Amino acid sequence: MSKEQLVRKIKEGTVLDHVEQGRALQVLQALNIDGKNGNIVTVAMNVSSKKLRKKDIIKIENRFLKPEETNRIALIAPRATVNLIRDYQVFEKRKVEIPDTFVNVFKCPNPTCISNSNEPVSYIIDAVRKNPPLLRCRYCGRLLSPNELI
Amino acid sequence: MRNPFFDRDIISIKDFSRSELEYLFSLSNRMDSLDREKRRNLGRGKILGLLFFEPSTRTRLSFEAAMLSIGGNVLGFAHPRMSSVEKGENLADTVKTVENYVDVMVLRHPMEGANRFAAEVASKPIINAGSGTEEHPTQAMLDLYTIMKVKGRIDGLNIAIVGDLKYGRTVYSLIYGLSNYRTRIFLVSPPQLRVREEALFNIGDKIKVSEHGDIREIIEDLDVIYATRIQRERFPDPHEYEKVKGSYVIDIDLLKSGKDDCIVMHPLPRVGEIKPEVDNTPRAKYFLQIYLGKVIRATLLASILNPNPYALF
């Protein structure tokens with residue numbers, strides 16, 4: 001199958017390019033995109049890339065993701081580029097940035113944290129340092145590396 | 001100074017500045033010498049709710065005694081089996097129920113972050129009486145107050161915290177509390193029970209901290225030894241426990257090699273970390289901690305319940 005077929009242009013929507021190889025499904029989960037609203041979502045995994053050698057690409061048609069949405073994937077796909085497309089043309093291109101707080105993106109890995117109980121509580125992970133990233137659970141206070149969350 | 005504790009949750013000692021802690025200590029001095037009848041006006045008509053999801057002797061009775069000493073009343077449960085938690089009720093609903101009956105709540109829970117979450121759902125103040133291995137802020141308040149009372153200062157002291165530094169929640173609150181002062185902290189533990197990295201990260205470079213395997217290396221420098229219990233169940237191999245436990249026992253022999261006025265503290269309960277022979281020496285301050293704990297908690301409750309407790313003294 002040729003590269004052109006895999007990455008064919010969409011008319012309207014968001015293209016997430018340069019997603020780390022194998023992380024596309026995690027990205028969709030972090031964005032709460034499950035396809036149930038009827039928009040076409042195309043996922044290409046293990047696509048050849050000059051920059052990453054291999055990469056994943058996600059195209060979400062008819063939806064324009066805001067920075068606060070795409071920043072949710074900043075730990076999963078730190079090198080991702082976000083392209084907003086209108087009438088087949090890129091009208092906005094941006095990188096993802098680590099937000100101050102991730103809400104319900106990652107579960108706290110500490111099994112005795114209250115956020116892992118049957119309480120009506122959200123998973124809230126704060127970024128205490130952005131470069132290199134270091135996170136902390138808002139509830140149990142544990143320091144967490146990105147690897148512990150992804 | 002305006003009362004910084006009025007209507008406030010006590011979740012982490014990190015939330016309190018040095019001047020706020022010193023407000024509490026200064027008011028506690030007055031509480032300690034306050035006429036019994038006057039003291040009973042501070043909490044008159046108020047009710048403290050105790051929510052203990054984990055066993056406790058000292059902390060629960062200390063809060064109970066403290067509330068009674070300021071003329072208030074106490075209700076609650078000392079074990080989840082004595083509540084609807086046994087039927088599967090969650091913490092949020094338990095807190096939202098109990099807060100209808102009380103003015104302030106004391107919560108102990110086995111999960112880290114439980115108190116922070118409870119404070120989010122409650123409209124009445126929550127006092128953290130221990131949240132998993134995370135923190136025990138009122139223990140640290142009474143620990144700092146004991147040091148202040150005995151030594152007359154906290155600045156400039158060399159303090160060793162010994163034992164289970166990984167899982168002991170009192171350790172974390174004490175480290176954070178001490179980081180408000182110009183102290184030097186020595187952390188003494190077996191390698192498998194070293195302090196979690198969050199403690200060192202949270203205090204940053206505010207004070208000098210070093211880690212040690214053997215208290216004998218540093219005993220000569222110490223003004224305060226704060227011993228904690230090493231729990232056998234933390235060691236997968238019982239032989240490992242037997243090997244290390246002896247290195248962390250405080251006895252007269254060890255103390256003789258240190259300063260004459262080096263004091264010994266412990267949040268209790270102890271299981272052999274301090275030999276009974278130390279109990280009757282002037283160095284032993286762990287029973288004084290219990291007494292001062294009641295004073296601090298009475299002051300804290302009075303300060304949470306009254307906008308201007310000084311006016312009532």
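So you know, we letter chains A, B, ... as the sequences are listed, proteins then strands, and number each from 1. Just so we're clear, the structure is a prediction, and the values are computed from it rather than from any experiment.
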Is it the case that more than 12 heavy atoms not belonging to A/Ile40 sit under 6.0 Å from its CD1 atom?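 No, not enclosed.
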#### Entry: Flag if over 12 foreign heavy atoms under 6.0 Å of CD, B/Glu89
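More than 12 heavy atoms, drawn from other residues, nucleotides or ligands, come within 6.0 Å of this atom.
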Counting only non-hydrogen atoms closer than 4.5 Å, does [X] touch chain A with its backbone (N, CA, C, O), its side chain (CB onward), both, or neither?
X: B/Glu197; result: both
X: B/Glu120; result: side chain
X: B/Ser12; result: neither

When you measure from the side chain of [X] to the backbone N and O of [Y], does any donor-acceptor pair fall under 3.5 Å?
X: B/Tyr145; Y: B/Ala140; result: no
X: B/Glu273; Y: B/Val271; result: yes
X: B/Glu20; Y: B/Ser17; result: yes
X: B/Ser173; Y: B/His136; result: yes
X: A/Arg23; Y: A/Ile76; result: yes
X: B/Asn180; Y: B/Gly177; result: yes
X: B/Arg169; Y: B/Gly132; result: yes
X: B/Gln289; Y: B/Met265; result: no
X: B/Asp164; Y: B/Leu193; result: no
X: A/Thr14; Y: A/Arg63; result: yes

Could you check whether any side-chain heavy atom of [X] comes within less than 4.5 Å of a side-chain heavy atom of [Y], counting everything from C-beta outward?
X: A/Asp17; Y: A/Ile57; result: yes
X: A/Asp56; Y: A/Val27; result: no
X: A/Ile60; Y: A/Ile10; result: no

Consider side-chain contact (heavy atoms from CB on, under 4.5 Å). Of B/Ile11, B/Ile13, B/Leu300, which one does B/Pro137 pass it with?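 So, applying the side-chain contact (heavy atoms from CB on, under 4.5 Å) to B/Pro137 and each of B/Ile11, B/Ile13, B/Leu300, only B/Ile13 qualifies.
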*Is any residue of residues 133-150 of chain A within less than 4.5 Å of chain B by heavy atoms, and which ones?*
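So the qualifying residues are A/Leu134, A/Arg136, A/Arg138, A/Tyr139, A/Cys140, A/Gly141, A/Arg142, A/Leu143.
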Exercise. Quick one: which residues of residues 79-106 of chain A reach chain B at under 4.5 angstrom, heavy atoms only?
Worked result: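 Heavy-atom contacts from residues 79-106 of chain A to chain B are absent.
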salt_bridge(B/Glu198, B/Arg196) N-O dist < 4.0 Å:
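A salt bridge is present here (some side-chain N lies under 4.0 Å from a carboxylate O).
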Are there residues of residues 100-116 of chain B that reach to under 4.5 Å of chain A by heavy atoms, and which ones?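 Result: B/His109, B/Met111, B/Glu112, B/Gly113, B/Ala114, B/Arg116.
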What parts of residues 181-189 of chain B touch chain A if we use heavy atoms and a cut-off under 4.5 Å?
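The list, in residue order, is empty: none.
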In terms of side-chain heavy atoms, does B/Ser123 have a donor or acceptor partner in B/Glu99 at a distance below 3.5 Å?
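The criterion, which ignores hydrogens and geometry beyond distance, is satisfied for B/Glu99 and B/Ser123.
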